[in-house]
Amino acid sequence: MVVRGSLILTAGFGEGHNTAARSLAAALTAGAPDQPVAVHDVFAEAYGARNEIARRLYLNAINRTPALWGLCFFLLDHTPLPQWHMPIYQRAARRLRELLDTMRPKVVISVYPGCGHLLDLVSRDRLCRPFKSFTVVTDSQSICTAWHTVRTDAFLVADETSARVLVDRGIPQSKVFSPGFPVSLAFEDLDSIRACQPAPGQLWKILYMVNSGEERARVVCRCLLQIPGAAVTVAVGKNEALGHKLKKDAGDRPLEIVGWAPNMPELMASHHVLVGKAGGATVHECLAAGTPIVLTRIVPGQEEGNARLVIDAGAGFYAPSAGTIKETISRLFEAGGSGWAQASASARNLGHPFAARDSARLILSNLTS
């Protein structure tokens, strides 16, 4: 029996790719329940433990040796390295061919640049593909050439500036769309819980998403707890031990610890400001929630454009040290929170809470054409 529908290709090298894949899958299913949607990480499926080692090496590089990663990004951006080394992934190529032969999708969507190049590898002998292909770019503005040196029918980007970047690089305007970064459908209906300026006696709410080592996290948390009139929530993921340390450090000051939080959209929207890194998913989720973001770290290369997007619009601020984080947030809350009100309005104006559904609408039009 021939199966038609959408095949979404992702990879675990940065959570933004998986966020976009999950959100798109949910929107496609909601838009066309009768059309199957499959999400696959063919690199993980093909290489298992070796892929996990490579993923951890990547995370260590961007977190511990950002200058080294900056050099790697430069090479990926200025050489044909992605195309050159793709033939070594023969096991992943076989896995992708198996998926294409089994599912026979009408649409293939890549949310990771390596997947686009792998798709080119397995279909390079076909002048006419039996499917339409979409490339969903999860980085803003500072877009590596690895994203667009692939054969694809359309590019979906996060914002108008990113669309202009691709057009300026020679991509036809007719192939570039800017529906926004695909965030969870939960971001579509947050008005009832969105944070507003506190009434007298109420507290400002700060959400800190830990993305650094334990000692730095403890220093940042201590500084956040010193901000007058503020309550702090810290998302520690699966690091329960860190949560216990932060609670002990806080003493009797208002601190809430959350672990792996499936309700992140609600958490973002119900807090006045988020403290975190400039990853694509985090930045665009904050914008979709209408929550200003204080950026503690910007990975060279792919995250620089995400940072520029929010900083230029006044919806985000760069504060690389614990002291500057405290100063930045304190200024936002001063004078009755006028600075926060402006930043929050900028975030709402820039956000695309319906981006996943808008992207799905573009894709589904190709399923019925």
Side-chain angles (χ1 to χ4, degrees), residues 7-21 23-24 39 41-43 55 58 62 69-86 89 92 96 107-124 129 132-183 278-281 283-284 298-309 352 355-356 359 362-363:
L7 171 61
I8 302 176
L9 301 174
T10 185
F13 294 83
E15 187 52 32
H17 308 296
N18 288 332
T19 296
S23 303
L24 264 179
V39 179
D41 181 341
V42 294
F43 293 101
R55 192 184 71 85
Y58 164 77
I62 64 172
W69 171 250
L71 175 60
C72 293
F73 184 89
F74 179 87
L75 293 174
L76 291 170
D77 195 29
H78 291 82
T79 72
L81 187 60
Q83 298 97 307
W84 287 345
H85 85 292
M86 196 53 56
Y89 298 110
L96 179 53
V107 171
V108 178
I109 306 155
S110 172
V111 300
Y112 175 69
C115 294
H117 288 285
L118 190 68
L119 188 62
D120 282 352
L121 177 67
V122 302
S123 60
R124 63 185 175 185
R129 288 172 167 176
K132 293 285 186 71
S133 60
F134 283 79
T135 299
V136 177
V137 181
T138 58
D139 300 322
S140 289
Q141 302 186 21
S142 55
I143 299 171
C144 182
T145 57
W147 278 109
H148 59 80
T149 51
V150 294
R151 180 183 171 193
T152 191
D153 292 294
F155 293 93
L156 276 58
V157 298
D159 55 273
E160 290 294 339
T161 303
S162 297
R164 288 195 296 272
V165 168
L166 293 189
V167 172
D168 289 345
R169 293 181 184 178
I171 306 299
Q173 179 73 61
S174 60
K175 294 181 65 172
V176 182
F177 302 85
S178 53
F181 183 104
V183 296
V283 163
H284 290 285
I298 303 169
V299 173
Q302 70 264 34
E303 291 187 356
E304 293 173 1
N306 302 331
R308 283 199 303 270
L309 176 71
H352 293 278
S359 300
L362 284 166
I363 294 165

Exercise. When rounded to the nearest 0.5 angstrom, what distance separates CD1 in I8 from SG in C115?
Worked result: 11.5 Å
Exercise. Out of curiosity, L81 CG to C72 SG, how far, rounded to the nearest 0.5 Å?
Worked result: 9.0 Å
Exercise. Out of D139, T138, T152, which residue meets the side chain to side chain donor-acceptor pair (under 3.5 Å) rule with W147?
Worked result: D139
Exercise. Are Q83 and D120 side-chain neighbours, meaning at least one heavy-atom pair lies under 4.5 Å?
Worked result: no
Exercise. Is there side-chain contact between P113 and H17, with heavy atoms separated by less than 4.5 Å?
Worked result: yes
Exercise. Could you state the interatomic distance from CD (E303) to OG (S142), rounded to the nearest 0.5 Å?
Worked result: 8.5 Å
For this session: Determine whether L309 and D159 make a side-chain contact, defined as any pair of heavy atoms from C-beta on separated by less than 4.5 Å.
Result: yes
Seminar exercise, completed: Of all heavy-atom pairs linking V39 and A21, the shortest is CG1-CB, 4.0 Å
Problem set entry | Minimum heavy-atom distance A356-V183, with the two atoms named | CB-O, 3.4 Å
Exercise. Does a side-chain heavy-atom distance below 4.5 Å link L118 with V42?
Worked result: yes
Problem set entry | Side-chain touch V299/E304, heavy atoms, less than 4.5 angstrom | no
Exercise. Between S110 and G116, is there a donor-acceptor pair closer than 3.5 Å when you use the side chain of the first and the backbone of the second?
Worked result: yes
Problem set entry | F177/F155 aromatic ring centres below 6.0 Å | no
For this session: Nearest 0.5 Å please: distance from the OG1 atom of T135 over to the CZ atom of R151.
Result: 12.0 Å
Exercise. Does D153 reach the main-chain N or O of S133 with its side chain, forming a donor-acceptor pair under 3.5 Å?
Worked result: yes
Exercise. Step by step, would you call K132 with I363 a side-chain contact (heavy atoms from CB on, under 4.5 Å)?
Worked result: CA-CA 9 Å; K132 293 285 186 71; I363 294 165; over 6 Å; no
Exercise. Tell me, do W69 and Y58 make a side-chain contact under 4.5 Å, heavy atoms counted?
Worked result: yes
For this session: Could you tell me how the ring of Y112 sits relative to the ring of F13: parallel (under 30°), tilted (30 to 60°) or perpendicular (over 60°)?
Result: parallel
Exercise. What's the spacing between I143 CD1 and T161 OG1 if we round to 0.5 Å?
Worked result: 9.5 Å
Seminar exercise, completed: G180 and A355 have their tightest heavy-atom pair at C-CB, 3.5 Å
For this session: Please check if the side chain of S162 supplies one atom and the backbone of Q141 the other of a donor-acceptor pair under 3.5 Å.
Result: yes
Exercise. Below 4.5 Å, heavy atoms only, C-beta onward: do L96 and L119 meet side chain to side chain?
Worked result: yes
Exercise. Would you call the rings of H78 and F74 parallel, tilted or perpendicular, where under 30° means parallel and over 60° means perpendicular?
Worked result: parallel
For this session: State, to 0.1 Å, how close T19 and S23 come at their nearest heavy-atom pair, and which atoms those are.
Result: O-OG, 2.8 Å
Problem set entry | Side-chain heavy-atom pair L156, V137 within 4.5 angstrom cut-off | no
Exercise. If you measure from CG on L7 to CD1 on I109, what distance do you get to the nearest 0.5 Å?
Worked result: 8.0 Å
Problem set entry | Any donor-acceptor N or O pair under 3.5 Å, side chains T10, N18 | yes
Exercise. Aromatic rings F181 and H284: how do their planes relate, parallel, tilted or perpendicular, breaks at 30° and 60°?
Worked result: parallel
Exercise. Taking it one step at a time, do F134 and V107 satisfy side-chain contact (heavy atoms from CB on, under 4.5 Å)?
Worked result: CA-CA 7 Å; F134 283 79; V107 171; 3.8 Å; yes
Exercise. Where is the tightest heavy-atom contact between P179 and S359, given as atom of each residue plus distance?
Worked result: CG-OG, 3.3 Å
Exercise. What pair of heavy atoms forms the shortest contact from I298 to A307, and how long is it?
Worked result: CD1-CB, 3.6 Å
